[in-house]
2 protein chains.
Amino acid sequence: MEHDSGSADVYEQLARIGKVVVHPKRIELLDLLCQAERSVETLAEAAGLKLTTASAHLQVIRQARLVETRREGTRVYYRAAGEEVCRFVAALGDLGRARLAEVDQILRAIGAGSDSAERVTRAELLERVRSGEVVVLDVRPAEEYAAGHIPGAVSLPLEHLEARLGELDPGLEVVAYCRGPLCLLAPEAVATLRARGLRARCLEDGLPEWRQAGLPVATAPAGRSGRDTPATAPTNGHEARPGRRR
Amino acid sequence: MEHDSGSADVYEQLARIGKVVVHPKRIELLDLLCQAERSVETLAEAAGLKLTTASAHLQVIRQARLVETRREGTRVYYRAAGEEVCRFVAALGDLGRARLAEVDQILRAIGAGSDSAERVTRAELLERVRSGEVVVLDVRPAEEYAAGHIPGAVSLPLEHLEARLGELDPGLEVVAYCRGPLCLLAPEAVATLRARGLRARCLEDGLPEWRQAGLPVATAPAGRSGRDTPATAPTNGHEARPGRRR
DNA sequence: CTACTATTCCATAGATTTATGGAACATGAT
DNA sequence: ATCATGTTCCATAAATCTATGGAATAGTAG
């Protein structure tokens, strides 16, 4: 009564968004989509879902307008519908880490927890990469690197890390990054590297946060070179747009 | 495979939070709790719920650790469990306004939409209130004013606005604020004031955003009895000592 | 102690959601 | 045209969620 009917409608609308994040797999899908555009099949596989189930989930997310689609031949590519989506997912993760002891516990179990004294800040990384003191490692899957990465970073997906350890200059410190605070790829990579006697640290957060901080993002084919050709890949329009910050 | 089992667990935990915002009334409750601490009965009434239903919803929110409780005599007071909660609710609202045309439409219908050229920025308000050019009006219910308000603001709940119009100096411009971008109180107040020929504008956003911007928040009696020594320790001084209204 | 109040717990009927197989569609190749 | 592939739509059984009345629980006042 204190609230007009108008407000009630607003909350009803917002619940449409809530409906998306009530299911763990949908959060996972959304998280993946904040990294890069992907086809249904790829998403299903990455999230461990049957195809039809994944499609159903994607429909739910789509009805909330949190994703947009693009058709390429017979495939349909989904992508996050704007920066607010990524910001929302980030806020959800932050809240989880802050309030749910379980989340922090899980993360901490592999050294990704909040005992992050070991993490490199974005500012520090920017400075040290400029002076050539460190090598930046993108340990996410190659597609995600291709869709957008820190300029100058080398793509070395975690799954290939062991096999390609030799490519790293043992004299340089490694700074690894991945999808964000909830992602375990970089912490695992760092653990592996340290076990081999290399100096390695994680970047604070991941690529989405880097992007949201307004820092430059490069898109280029996944290759194994230190050099980058910041050519915009036409195969995905996700980060092609100059996205506003803040 | 690509994801370790650990990650799956994390998403499962985050879905606990999602479960809260899947129901419109729970979003509404959370929104109210970001303004001030409240008893179950008050919350039920404010959200238009039966008591047991409200209690049930609050249990769900509690299980996600998004609220904390405090017992005072026979009453139980709920409050938002930290600033991250308010930030999350704000992110949800932002996302809704950005992506769901329906939300913006509803808000716009009463002049609270994104055609906010008319809004006063926080910086502007700070400056102008210092030089005494404007009077700041808190049009939320008195309890919420008591729990925290912009220093120097006058409490004049919307429901009493018409009756107490005479108290306003017609020479000064009025800046009204309420709960935030989704709240309709201030826009309505401004509409009323303008209809009477007064100069009036809304503040951008509401008190939670003011607080999150790091600006000072005062807690004090609304104009009645009451101590104003913050007894609670959480991030923001949720303190209420209202004489029961009505 | 008893009476009373504010809240939570419990049981349940009714509504909604989920996973999934199979059918239907759209697109590109033959 | 026909076929193959990737995706969506549809139907459904199993699981989960919601609102609500009534009972149980704490705290307070006589």
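- Taking the side chain of B/T53 as heavy atoms from C-beta on, and the options D/dA19, C/dA19, D/dT8, the nearest nucleotide is D/dA19.
- Here B/R16 pairs with A/E102 in a salt bridge; the nearest charged N to carboxylate O distance falls below 4.0 Å.
- Listed nucleotides D/dT7, C/dT17, C/dT8 differ in distance to A/K19; the shortest reach to its side chain belongs to C/dT17.
- Phosphate contact (OP1/OP2 of D/dC17, side-chain N/O of B/H57, threshold under 4.0 Å): absent.
- Using a 4.0 Å cut-off, no side-chain N or O of B/S55 falls inside it from OP1 or OP2 of C/dT7.
- If A/L49 and B/S39 are placed on DNA chain C by their nearest nucleotide, the residue sitting closer to the 5' end is B/S39.
- Below 30°, between 30° and 60°, or above 60°: for A/H57 and A/H23 the angle between ring planes is between 30° and 60°, a tilted geometry.
- Within 4.0 Å of A/L58, counting heavy atoms only, lies no atom of the nucleic acid at all.
- For the pair B/K50 NZ and C/dA6 C1', the computed distance is 17 Å after rounding to whole Å.
- Between B/E167 and B/R164 a salt bridge is recorded (basic side-chain N to carboxylate O distance below 4.0 Å).
- The pair A/R62-A/E68 fails the salt-bridge criterion, with no side-chain N (NZ, NE, NH1 or NH2) lying under 4.0 Å from an Asp/Glu carboxylate O.
- What separates CD of B/E28 from P of D/dT18 is a distance of 15 Å, to the nearest Å.
- Atom P of nucleotide C/dA6 and atom CD of B/E72 are separated by 13 Å, given to the nearest angstrom.
- Inspection of the B/Y11 and A/D31 side chains reveals an N or O donor paired with an N or O acceptor under 3.5 Å.
- In this model, the phosphate group of C/dA6 is not approached by any side-chain N or O of B/Y78 to a distance below 4.0 Å at OP1 or OP2.
- Rounded to whole Å, the distance from CD1 on B/I61 to P on C/dT8 is 12 Å.
- For the pair A/R71 and B/R71, both in contact range of DNA chain C, the more 5′-proximal nearest nucleotide belongs to B/R71.
- When the nucleotides C/dT8, C/dA6, D/dT7 are ranked by their closest atom to the side chain of B/E41, C/dA6 comes out on top.
- The distance between atom CZ of B/R38 and atom C1' of C/dT7, rounded to the nearest whole Å, is 17 Å.
- In this entry the distance linking CZ of A/R16 with P of C/dT16 reads 16 Å, nearest Å.
- Inter-residue side-chain proximity for A/R179 and A/P141 is flagged as met; some heavy-atom pair is nearer than 4.5 Å.
- Contact check, A/R26 against C/dT18: a side-chain N or O comes under 4.0 Å of OP1 or OP2.
- Spacing between atom NZ of B/K25 and atom C1' of D/dT20 amounts to 16 Å, rounded to whole angstrom units.
- Between the side chain of B/T74 and the base of C/dT5, at least one donor-acceptor pair of N or O atoms lies under 3.5 Å.
- Nearest to the side-chain atoms of A/V22 among the listed nucleotides D/dT8, C/dT18, D/dG6 stands C/dT18.
- Distances from the side chain of B/A56 to the nucleotides D/dT8, C/dA6, D/dT20 place D/dT20 closest.
- Between A/H23 and D/dT16 there is no side-chain N or O to OP1 or OP2 distance below 4.0 Å.
- Atom CG of B/L51 and atom P of D/dA24 are 18 Å apart (whole Å).
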